[in-house]
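Please read the structure below before turning to the comments.
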Amino acid sequence: PEFIVEQPEYCGDDIVITVDEPIETAIYYWYDDSSCTAEHQIAEGTTLVAQGLTGDSTYFVRYSEGSSCYSEIGEVTVSPLILVEPTSSGNTEAACGEMVVLTATNGNDNAVFSWYSDENCTQRIVSEAVYTTPELSETTTYYARAYLLNGAGDTVCTSNISSITILINHNSLTTPVVEVPDVTYCGNDVDLTISQPNGSYTYSWYDDALCTNWVHTGVSYTIPRLTSEETYYVVAIYGEHCTSDTLTVSLVPTDLPAPTNVHASTESIHCGELVTLSANAPEGTVVAWYDSDTSTTSIGSGNLTLSP
C-alpha cells in the first residue's frame, strides 16, 4: 500500500500515518518489526498515530480480508520534526577587556534562542539570538539552545546545545607610558605619572624587574628624595588574569648646578655696616652659605645678612 504521512506543526507532536486508498473490506495491522508477529503488533486499522518520536522510525503494515491469509508487507519510514541545534558565531579570540558579539542561528524562522553560561543550560544569560558579552578578562565558553514555542508561549521543542569558546589574550593590554621630569636634581622628589591612563586598568609599580616587590598602586607614584640611580617597573592590570608588558623607568639624579647671580647688597661697606648676600638656586632647592670652601657646616641659607 501507499501511505499518507501528516507531519506535525511542532517537533514532539504525533505523526499520523494513513493507508492511501485502503480496501474497504480489509483489516490493516501495524507492526514495529518486519517479522510482523503478534508481539510486535502495535495498532489495527487504516491509521497509525506514532507518538513521542525522537528519531527516524520504520513501521510495517499488512492486511487481511477476513481469512488467515495476509497481504504482502508494506513499509513506511517517518522522521519526527527535529529542531536543529543552533550555530554559534562570533570572534573566538579577543583582547583583555574586549566585548564580543555572539549570534545563534539554525535556519528555522520560528525558533527562539537563549544563551547560557553553563554547559547544562541552567544559568540563562539572555533569551535573544544575539548576545553581547561583558568585558572579558579570561577565556570563557558560552552555550546556546534553540526552542520552538506553541501559541500559548510554552516550549514544545528544544534543540541540542551548541557552544563557543572565546580565547582571551592575557598580554594584550596597552603598555603604560610614563611622564618623567626632564631634569631630576639630586635630593628632590620625583613624580611619575601614567600618560593617558585607561580608567578600566589598575597600574601597579614595582622596584624589581620580575615585578614581585610591589611598591605602589595608582596612576601616579612619587619617589622621595632621589639621591642615586634607581629603576622602577610599572604594569597595567585588568581583572584577575590580564596584564600588559612591563615598562621600565630608570631615574638618574642630576648634580645640582652652582648658584647663579651671587652678589652682595653692596660692593663696598664701612666698618660696622650690615651686608646681605644673595644668590639664585634651581627650583626646589635652597642656597646654603659657608664661611670657607672646606667647611661642612652651613652658616645660613637663602638671603644671608652678615652683621659686623
Side-chain angles (χ1 to χ4, degrees), residues 1-90 102-116 118-122 124 126-131 142-164:
E2 299 294 330
F3 303 95
I4 300 173
V5 178
E6 298 179 23
Q7 285 284 1
E9 183 178 358
Y10 299 105
C11 61
D13 286 357
D14 300 338
I15 297 178
V16 179
I17 309 169
T18 303
V19 176
D20 189 22
E21 298 182 355
I23 300 172
E24 293 184 2
T25 58
I27 300 174
Y28 290 83
Y29 302 93
W30 298 85
Y31 304 88
D32 60 8
D33 184 86
S34 61
S35 64
C36 293
T37 55
E39 60 268 26
H40 288 287
Q41 183 178 328
I42 55 176
E44 181 180 314
T46 57
T47 299
L48 171 68
V49 178
Q51 299 176 323
L53 300 186
T54 58
D56 291 352
S57 297
T58 300
Y59 299 98
F60 305 87
V61 64
R62 64 180 179 173
Y63 66 88
S64 170
E65 293 190 79
S67 67
S68 58
C69 297
Y70 292 94
S71 67
E72 293 183 355
I73 299 171
E75 178 180 326
V76 59
T77 299
V78 293
S79 300
L81 181 60
I82 300 298
L83 187 58
V84 178
E85 71 181 52
T87 299
S88 303
S89 61
L102 304 178
T103 303
T105 57
N106 75 341
N108 189 321
D109 294 338
N110 296 317
V112 296
F113 303 90
S114 289
W115 287 94
Y116 299 85
D118 66 307
E119 62 182 353
N120 295 321
C121 291
T122 60
R124 181 175 295 174
V126 65
S127 294
E128 300 286 346
V130 179
Y131 169 56
Y142 292 96
Y143 304 86
R145 209 169 203 174
Y147 299 89
L148 285 180
L149 309 179
N150 60 19
D154 300 320
T155 299
V156 294
C157 191
T158 303
S159 74
N160 289 329
I161 301 167
S162 68
S163 64
I164 184 169

**Prompt:** Would you say the side-chain atoms of Asn120 and Thr122 include a donor-acceptor pair closer than 3.5 Å?
**Reply:** no
**Asked** When you check the side-chain N and O atoms of Thr105 and Thr87, is any donor under 3.5 Å from an acceptor?
**Response** no
**Whether over 12 other heavy atoms sit under 6.0 Å from Glu39 CD** = yes
**More than 12 heavy atoms from other groups under 6.0 Å of CD on Glu128** = no
Between [Y] and [X], is there a side-chain heavy-atom distance shorter than 4.5 Å?
X: Val19; Y: Trp30; answer: yes
X: Val76; Y: Val61; answer: no
X: Phe3; Y: Asp20; answer: no
X: Asn106; Y: Phe113; answer: yes

Heavy-atom closest contact ([X] atom, [Y] atom, distance):
X: Arg62; Y: Cys36; answer: NH2-O, 3.1 Å
X: Pro86; Y: Ala146; answer: CD-N, 3.9 Å
X: Val78; Y: Tyr59; answer: CG2-CE1, 3.9 Å
X: Ser163; Y: Tyr143; answer: CB-CD2, 3.5 Å
X: Pro22; Y: Thr46; answer: CB-CG2, 3.8 Å
X: Ile15; Y: Ser79; answer: CD1-O, 3.6 Å

Would you compute the distance between atom [atom1] of [X] and atom [atom2] of [Y] and round it to the nearest 0.5 angstrom?
X: Ile4; Y: Thr18; atom1: CD1; atom2: OG1; answer: 6.0 Å
X: Ile161; Y: Glu119; atom1: CD1; atom2: CD; answer: 8.0 Å
X: Asp14; Y: Gln51; atom1: CG; atom2: CD; answer: 4.5 Å
X: Thr77; Y: Asp56; atom1: OG1; atom2: CG; answer: 7.5 Å

**Request:** Using the six-membered ring wherever Trp is involved, compare the ring planes of Tyr131 and Tyr142 and label them parallel, tilted or perpendicular (cut-offs 30° and 60°).
**Result:** perpendicular
Using modelled atom types only, decide if a donor and an acceptor are shared between the side chain of [X] and the backbone of [Y] within a distance under 3.5 Å.
X: Trp115; Y: Ala129; result: yes
X: Ser64; Y: Cys69; result: yes
X: Arg145; Y: Cys121; result: no
X: Tyr29; Y: Ala38; result: no

